[in-house]
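Have a look at the structure below before the remarks.
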Amino acid sequence: MHNGVHGKGQEMKLTTVRLVTIIAEPILKDRLLQEIHTLGAHGYTISEVHGEGTRGIHASQWQGGGNVKIETLVSPEVADRIMEAMTDHYFPNYAVIAYVHDVQVVRGEKFA
Amino acid sequence: MHNGVHGKGQEMKLTTVRLVTIIAEPILKDRLLQEIHTLGAHGYTISEVHGEGTRGIHASQWQGGGNVKIETLVSPEVADRIMEAMTDHYFPNYAVIAYVHDVQVVRGEKFA
Amino acid sequence: MHNGVHGKGQEMKLTTVRLVTIIAEPILKDRLLQEIHTLGAHGYTISEVHGEGTRGIHASQWQGGGNVKIETLVSPEVADRIMEAMTDHYFPNYAVIAYVHDVQVVRGEKFA
Amino acid sequence: MDTIEIIRSNLLSPLVLAFVLGIVATLIRSEVEIPEPVIKAISVYLLFSIGLNGGVELAGTTFSEFLLPALATIALAIAVPTWCYLILRGPGRFDIPNAAGIAAHYGSVSSVTFVAGISFVERLPEGQNTFEAFIPALAALMEWGIVVALFIGRWRLGASQAQNGELGRVIRDTLTGRSVVLLLGGLLIGVIVGEQGFERIKPLYGDLFRGVLVFFLIEMGMLAGRQLRDFVKVGPFMAVFGTVMPIFHGIAGVSLGLLAGLSPNGAFILGALAASASYIDAPAAVRATFPQANPSIYLTSSLGITLPMNLIIGLPLYYEYARWLSVALGRM
Amino acid sequence: MDTIEIIRSNLLSPLVLAFVLGIVATLIRSEVEIPEPVIKAISVYLLFSIGLNGGVELAGTTFSEFLLPALATIALAIAVPTWCYLILRGPGRFDIPNAAGIAAHYGSVSSVTFVAGISFVERLPEGQNTFEAFIPALAALMEWGIVVALFIGRWRLGASQAQNGELGRVIRDTLTGRSVVLLLGGLLIGVIVGEQGFERIKPLYGDLFRGVLVFFLIEMGMLAGRQLRDFVKVGPFMAVFGTVMPIFHGIAGVSLGLLAGLSPNGAFILGALAASASYIDAPAAVRATFPQANPSIYLTSSLGITLPMNLIIGLPLYYEYARWLSVALGRM
Amino acid sequence: MDTIEIIRSNLLSPLVLAFVLGIVATLIRSEVEIPEPVIKAISVYLLFSIGLNGGVELAGTTFSEFLLPALATIALAIAVPTWCYLILRGPGRFDIPNAAGIAAHYGSVSSVTFVAGISFVERLPEGQNTFEAFIPALAALMEWGIVVALFIGRWRLGASQAQNGELGRVIRDTLTGRSVVLLLGGLLIGVIVGEQGFERIKPLYGDLFRGVLVFFLIEMGMLAGRQLRDFVKVGPFMAVFGTVMPIFHGIAGVSLGLLAGLSPNGAFILGALAASASYIDAPAAVRATFPQANPSIYLTSSLGITLPMNLIIGLPLYYEYARWLSVALGRM
Ligand SMILES: Nc1ncnc2c1ncn2[C@@H]1O[C@H](COP(=O)(O)O)[C@@H](O)[C@H]1O
Ligand SMILES: Nc1ncnc2c1ncn2[C@@H]1O[C@H](COP(=O)(O)O)[C@@H](O)[C@H]1O
Ligand SMILES: Nc1ncnc2c1ncn2[C@@H]1O[C@H](COP(=O)(O)O)[C@@H](O)[C@H]1O
Ligand code: NA
Ligand code: NA
Ligand code: NA
């Protein structure tokens, strides 16, 4: 595993954190942001996407079927809590998916 | 490897699936969606991006050089098939790139 | 590690490269693209995102707080150089984050 | 005969033809497309214009003239979602969330139908094309139909199963929703600036109105066209519900409007408001409160069935009925 | 002398000046930018307006008046891509996909040049500024030049090497393309609503047209400016091709138009249609059918060379030629 | 008394009311929203219109008439950022980057305030609503205030700590910035096409101007409203600075304008230019040059404090002062 770099004589420490990605119908945007904040995320990045999955049209279909994609860098514990909240509160009734993977960052404490 | 979480007393099982990302000139959008569907993807998420690579301008340059980014969560087998189709049908003539990596999801069967 | 596929009788070789993702306030766009190019990236993909982090509003707040997300597939060495440049030149004063992870591609030499 | 003529002339108006062009373009899968940001800006413009024009005319209206029509509107905003809910639960055999969800759509207002109704009147010959200036305020009141339907659903479902805390948010959102703010804000600004202040902005908010609406309707047609394709999925009950109920609501709205003292044109617009089914505010509110309700049912029926029905044959029908009833009541 | 004057007056018209402003803004790397969604909406507006205005005037035109000009247009839509292909293959030494691809661009229509041609005529003094109302239908017919070029390419290449199934899709896309649907849809709506129905939407579709076109041309200038930078890359052959062929096509279009019985103004617009090179529909169609053709060649020449050439000196030239030939034919 | 009346009439103008509607909509968290691409297109339109209208009128202006006002503008573009910087460093106790950054905002121009100032004059009764046609060129000159402030900051800071090479880019960006290119480009086109060429595009660039500005101000109000919420964060010093300095600049601008021979209306607009604080170009330039300056200070004060202050009470104040001083100077 690649964890340290020697550059200009000083070592750069890369830390592993988790990137949680949520793709959801736009109506959920504010609620999801609120929820991940409560669960311990210190920031997020959001983008407009479109998509199709196994569920039919959803309520914003009339706006072209747009979804929002929320990405948040968090510690493994927070990631687990978010995935759990997604499973419990959103998967049953809403058009949402979520996935998680490891990424490396420079200042790990910013996202812990 | 982190695969199970204990929350509220019940265990959450995370499964590993593959996320295939394709970045392509917009003209290919419908054809690519059709193709990944045929190859076994059950859903996709699409977003508008811009970019530059080793090829020159492409046909939608007049619209600001936009590309589309298609992301699809699939099983490893389907991922291989998609990467292969990309290599055979699109890489020679079109401005396209594709890459793949593992992510963890809750309901693995949704994407298998 | 999954590195070769047998399809239609010929083997498809997947190579591992690194995907560097930078999320930054839009004012930095041109400078960052210039910088990653100088450091050895052969291409990039850019998208419009929004977000919030630990820093307050930034100068494009009046446009809705937009950020740009820059993604570039590069060799591990170039990835290290980019992460280092981010740490040295941008993290102190700007609203930027950067992270990196491994992905697999077909034509590794295109990104090396 | 006269009715046929008025339907024919509506069918051949630029508004309806643009709407049909949009439907046809979708059906032949043409890529005519008016981008979403522009459509959003246009809908702000249309609502604000209507408010503004109403406000400018409002001077001289007394509160007492407004009172009865407002009460009639509130009565409709309570009655329409209620009986819709009952019909959907009873003969419709829908579960509570779906019944309440659909009722919320038919109980509130489609801006496009409302705007087209106003434009329908303005197109009439000079002297016959006026209506009460406070009409935009009635449209804002009618939005409350959403809240009524959601209340019913939540009450029948028991608070536990509905999304906690969402109803409060929905009420707030309804009160501060885009159409309400623009209609009432425009109305207020119109009252304040008066004829004189309006004069210099009239080229945009007056002269262009109808042309912009035609443009807007191309896209609305495409929207309806996309839903039309799912027509079969909603089943025969909703197909009948989506065509018959609006007509019934239109008739109820016109009648109540005339009884409340509105002019025939004003009563016609109240009828159009009652007949229309929301497809922007209601879907969002329903999704937030009853996520278990099926969006394809309420969207397809309100956008794919009721919207075209109202624009194409509903409006001239309600108008003819308003004229006929006025005569019958000795008011014209 | 007269020609110089008409070129000068075109050069100094708001349309061309706005276009030049856009080019200059790009060259000095200014960030003036009209966002893409607005530009897309404006281009819908422009095409729809032209159709509509044509339709309103169409009443009274007989099919026989339309027949010969339509045949002339079809002849051009077949001949232009064919001879372009032959020239590009022969002296141009392009391979089949590139030759067919470029031919598709020059064989079909640039909406901007077309719209600017119409506006060129409308700007003329009262009495000299009329043209045949069915012109928008000719523009729609001329779009078929794309299909002709692609057929040629596919035939020469052998079906195996072209993208399977794509040609069928291209034909469908050409028939239901945005310009075709808007021009013909507008035409039809115009015919149906007539003068009277048009009156109330004229402030948008009539009075504003020219101003909106000026606005649009700022962005078109920026688009052309971005391509101008790549000018050197296309090489001397394409630089000559991109300036000389349009003039030749313009002359051919005007001549054929007059022979087919069009008025001088109508023949001028047919010339502008023939001279123009597509840069929206053609690139998409060519990319889909011949991905191996190099987009920087066809885009740079159609957008960076032919578009400015046509707008700045082409239009006045074709106009003067149309007047001169009319006189020579004893038609004026 | 007269002043009160003019403030009242400004407050009740559609422009200010639309701005207030936007603020209120934000405060009650309504989702009225005019999408960004449309707002960007509108701001291109507004600046281009102003340039164009100025250009059309410019015929007959001699360079000597322009010279003194231009010098006055340059003097303001140097003096305003300088004294702002000194005040912010001294009593304000800001560090160099923040002082220079804020000075750059107050030293340059807010397009909205400028456009509203122009519209303020045009709304006056016939005969009293004219001003010098070259005013747009003054606005373009005033943009240089940004560069002056950044120079000061860079000089005081030492080149080492400022971003290397960024200042050169900022100068280039200021010279080729959107407002400069559109104002000057429009001016030039207006001069060239003259009254006659303008006539056919006047429905868009003349008649609609004020209505579009009202529409634009709804969104500007929302922008200001969002910043207003952060009002408390900027602290008492900036709250005072953001209200008092603009008034002082307005008075300085009007006075200098009159001394330089401008008409009262022209001097009023120069005052509005001086009083206004940039919130689009300046933030970008400051962020690029002094990233260590805190954006929430300069954005909140220019957008959340100075912009509403200028629109609501500043403009009528500067106007009254211009009239008063003209009389005092025996010029009216
Ligand atoms: N297999 C998939 N790969 C990528 N995105 C997906 C996939 N399935 C669903 N999505 C996204 O998640 C949204 C909701 O999916 P669903 O709940 O299956 O309707 C869709 O609109 C897509 O944007
Ligand atoms: N190294 C790279 N990193 C990220 N995106 C890339 C890279 N190379 C190419 N792309 C994206 O892929 C598109 C096509 O690339 P190309 O085929 O190299 O012209 C570009 O427009 C970019 O959006
Ligand atoms: N934990 C996080 N997860 C995802 N994106 C983040 C996170 N923190 C910051 N960002 C993004 O990075 C930008 C700058 O962050 P900051 O420098 O913390 O203000 C934000 O506007 C977000 O788009
Ligand atoms: Na209703
Ligand atoms: Na042509
Ligand atoms: Na200033």
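In what follows, chains carry the letters A, B, and so on, assigned in the order in which the sequence lines appear, proteins first and then strands, with residues in each chain numbered from 1.
- Each of F/P37, F/S9, F/P14, F/A18 has some count of heavy-atom pairs under 4.5 Å with chain D, and the biggest count is that of F/P14.
- Taking each heavy atom of D/V193 and F/L17 in turn, the nearest pair found is CG1-CD1, 3.7 Å.
- Rounding to the nearest 0.5 Å places NZ of D/K40 at 12.0 Å from CD of F/E36.
- Annotation: the span from F/R123 atom CZ to D/Q196 atom CD amounts to 9.5 Å, rounded to 0.5 Å.
- Contact tally against chain D (heavy-atom pairs below 4.5 Å) for F/I218, F/V24, F/L213: the top residue is F/I218.
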F/V38 vs D/I42, side-chain contact (heavy atoms from CB on, under 4.5 Å): CA-CA, chis, key distance, verdict:
CA-CA 10 Å; F/V38 175; D/I42 291 181; over 6 Å; no

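- At a 4.5 Å heavy-atom cutoff, the contact between F/V212 and chain D is made by backbone and side-chain atoms alike.
- Summarising the local packing, OH of F/Y321 is surrounded by more than 12 heavy atoms from other residues, nucleotides or ligands at distances under 6.0 Å.
- D/A41 approaches F/I34 most closely through the heavy-atom pair CB-CG2, 4.2 Å.
- Neither the backbone nor the side chain of D/F198 comes within contact range of chain F; no heavy atoms are under 4.5 Å apart.
- When every heavy atom of F/R29 is checked against every heavy atom of D/R172, the shortest pair comes out as O-NH2, 3.8 Å.
- Using cut-offs of 30° and 60° on the angle between ring planes, the pair D/Y205 and F/F215 is tilted.
- For a residue to count as touching a neighbouring chain, one of its non-hydrogen atoms must lie under 4.5 Å from one of that chain's; by this rule F/L21 touches chain D with the side chain only.
- Closest approach of F/V214 and D/I201 over heavy atoms only: CG2-CG2, 3.9 Å.
- When all heavy atoms of F/V32 and D/R178 are compared, the pair lying nearest together is CA-CG, 3.7 Å.
- Interatomic distance, D/L204 CG to F/R210 CZ, rounded to the nearest 0.5 Å: 12.5 Å.
- More than 12 heavy-atom neighbours from other residues, nucleotides or ligands sit within 6.0 angstrom of CD on D/E31.
- For the pair F/I28 and D/V181, the minimum side-chain heavy-atom distance is below 4.5 Å.
- A distance-only check finds a donor-acceptor pair linking the side chain of D/R200 to the backbone of F/E122 [under 3.5 Å].
- Distance OG1/D/T176 to CG/F/L27: 12.0 Å, rounded to 0.5 Å.
- Contact of D/L188 with chain F is not made at all, since no heavy-atom distance falls under 4.5 Å.
- In this structure, D/L182 CG and F/S30 OG are separated by 7.0 Å, a value rounded to the nearest 0.5 Å.
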